[in-house]
Amino acid sequence: MRYISTRGTAPALTFEEAMLTGLARDGGLYVPEDIPTLTPTQIAAMAGKSYEEVAFDVMRPFIGDTFSDTQFQELIAKAYAGFGHAARAPLVQLAPNHFLLELFHGPTLAFKDFAMQLIGQMFQAALSRSGDRVTIVGATSGDTGSAAIEAFRGLSNVDVFILYPHGRVSEVQRRQMTTPSEANVHALAVDGDFDDCQAAVKDMFNDFSFREDVKLAGVNSINWGRVLAQVVYYFTAAVSLGAPHRKVSFTVPTGNFGDIFAGYIAKKMGLPIADLVVATNRNDILHRTLETGAYTKEGVTPTISPSMDIQVSSNFERALFYAYGGDGATVAAQMDDLKNGGFDISQGAFQMLQDTFKSGRASEDDTKAMIKSCRADSGELLCPHSAVGVHVAQAHLGATPMITLATAHPAKFPDAVKEASGEAAPLPPRMADLYERPERVTRVANDLAALQAVIKERI
Ligand SMILES: *Cc1c(COP(=O)(O)O)cnc(C)c1O
């Protein structure tokens, strides 16, 4: 299995190389040259299997000979051992034909643990084989950073630097990044917003001498390994509702388009998915794009669902690549136009996107009202991101079962949840002392040279 860049000119890589590299050298994102498919019989055989067994079935065709079957099974087992629920991703019913996929039972209480815990294991296995040491630099709107730190803390061949927008993450998110005491963990609070942090990381990857110097590696949601790990729960959820014999739909609270793109891969692999619904908060560039065909940046407005406060949605580039039939040159040209504020998707590609993705948005009031009514109607206390999803899903309910992804635990956003529902959302007992642990963070200007200097000095 080879991986190619969405911009068409970077060299093709193996799974291991694509995973360790993150961003391609032409600025593009890696995608598999072909997407393997599973037959209905293979999908039907997943019924009743453990999460880990399905994870192996779904991901095995993508990893080539990076790991042996036995080693890959061991890595998967270690990745999910720390989850607080035996099903890993349990499905609960909200209403007739509407289900919630709880993706928040991992160590940092957000769905990003599914990918990050596995990436941590895969990095460690690959690096201890080669004897290399890498510097992981990532940008976060809150949850990626804590998930990455949790996955890499204490590993001997990795330094992990996480850039987050100062003052724009929740206290739980911040504390999950600033309280680990391991020397290889570095939380950097940047004076800027998430897009600034993400742009700084991209610029570091495009600075080839810095990239070589510090042996830069990326684990942001553009990393193919992360997208792949997220494909798994589309299968477990759909199969538990009767796939492949019955279709299901998914609604996904979206920012960087990673999670919803994993659903698209699941569909291309043969999982019978009817609708894939993109749910945005009022930072609705994806919803507007899917309505108009024009991808136009506006400013980012802070919301109570901060992990979706994004205007530059990195993984959307992968969807564009498929929409343009794999034409890397066109994708590269459109991404160039994005630097000047936006681009118009051509008619054919837009048609493909509209056929593949539905969308909707939730205002702040919609989100708060949904937290309150969902608690009253179903007993489920939603985090604000999941509430955006449930709100949008309600406009797309029909004869096909709808599964909305619950992307974080309500305790990660206690203030917003309390304000909307009147109820406190306590942390699970295993992290109840989070507010007492000492914090360690470096505040840095929104400036590439300053950030690079801090990184060089620390490693
Ligand atoms: C990251 C995140 C999202 C958005 O996921 P993408 O894959 O970037 O679209 C939604 N909700 C929560 C809680 C998150 O942490």
Side-chain angles (χ1 to χ4, degrees), residues 29 100-116 138-150 162 164-165 168-170 172-174 176-177 194-195 197-198 219-231 233-234 250-266 276-281 283-287 289-290 300 303-319 357 359 361-362 367 371 382-392 404-414 416-417 425:
L29 279 57
L100 193 72
L101 183 60
E102 293 186 347
L103 300 175
F104 52 67
H105 295 283
T108 69
L109 307 180
F111 82 90
K112 295 193 171 73
D113 289 324
F114 277 90
M116 211 61 88
T140 187
S141 54
D143 293 325
T144 299
S146 48
I149 286 172
E150 196 57 49
I162 297 298
Y164 70 85
R168 299 212 192 185
V169 299
S170 83
V172 176
Q173 289 177 319
R174 188 191 74 232
Q176 285 181 331
M177 293 188 275
F194 169 69
D195 287 332
C197 296
Q198 184 160 260
V219 295
N220 259 14
S221 68
I222 53 144
N223 191 299
W224 171 257
R226 283 189 54 193
V227 173
L228 179 60
Q230 293 169 188
V231 176
Y233 45 70
Y234 285 89
F250 288 92
T251 299
V252 187
T254 305
N256 247 330
F257 214 79
D259 215 3
I260 182 96
F261 185 75
Y264 172 70
I265 296 292
L276 280 169
V277 184
V278 170
T280 72
N281 64 23
N283 297 297
D284 61 352
I285 187 164
L286 290 166
H287 176 51
T289 302
L290 290 167
V300 178
T303 70
I304 57 170
S305 46
S307 302
M308 293 153 60
D309 290 347
I310 285 170
Q311 283 296 299
V312 181
S313 186
S314 318
N315 274 295
F316 190 65
E317 179 168 342
R318 287 192 164 107
F357 300 103
S359 67
R361 54 165 263 163
T367 308
I371 293 175
L382 298 171
C383 91
H385 308 78
S386 312
V388 167
V390 173
H391 173 85
V392 170
T404 298
L405 272 52
T407 50
H409 192 287
K412 254 192 134 159
F413 305 92
V417 170

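The residues of the chain are indexed from 1 along the displayed sequence. One-based numbering, in listed order, for ligands and for the atoms of each.
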Separation between CG (L290) and CZ (F357), nearest 0.5 Å, reads 7.5 Å
Exercise answer, ligand 1 polar atom pairs (N/O) under 3.5 angstrom:
{"from": "ligand 1", "atom 1": "7 (O)", "to": "G258", "atom 2": "N", "distance (Å)": "3.3"}
{"from": "ligand 1", "atom 1": "7 (O)", "to": "D259", "atom 2": "N", "distance (Å)": "2.9"}
{"from": "ligand 1", "atom 1": "8 (O)", "to": "N256", "atom 2": "N", "distance (Å)": "2.9"}
{"from": "ligand 1", "atom 1": "9 (O)", "to": "G255", "atom 2": "N", "distance (Å)": "2.9"}
{"from": "ligand 1", "atom 1": "9 (O)", "to": "N256", "atom 2": "N", "distance (Å)": "3.3"}
{"from": "ligand 1", "atom 1": "9 (O)", "to": "F257", "atom 2": "N", "distance (Å)": "3.1"}
{"from": "ligand 1", "atom 1": "11 (N)", "to": "T407", "atom 2": "OG1", "distance (Å)": "2.8"}
{"from": "ligand 1", "atom 1": "15 (O)", "to": "K112", "atom 2": "NZ", "distance (Å)": "2.5"}
{"from": "ligand 1", "atom 1": "15 (O)", "to": "D143", "atom 2": "OD2", "distance (Å)": "2.4"}

Is D143 salt-bridged to K412, cutoff N-O under 4.0 Å?
yes
For S313 and G255, indicate whether the former's side chain and the latter's backbone hold a donor-acceptor pair under 3.5 Å.
yes
Under 6.0 Å between ring centres, would you say that holds for F250 and Y234?
yes
Does S305 use its side chain to pair, donor to acceptor, with the backbone of M308 at less than 3.5 Å?
no
All side chain to side chain donor-acceptor pair (under 3.5 Å) counterparts of T251, not counting sequence neighbours
none
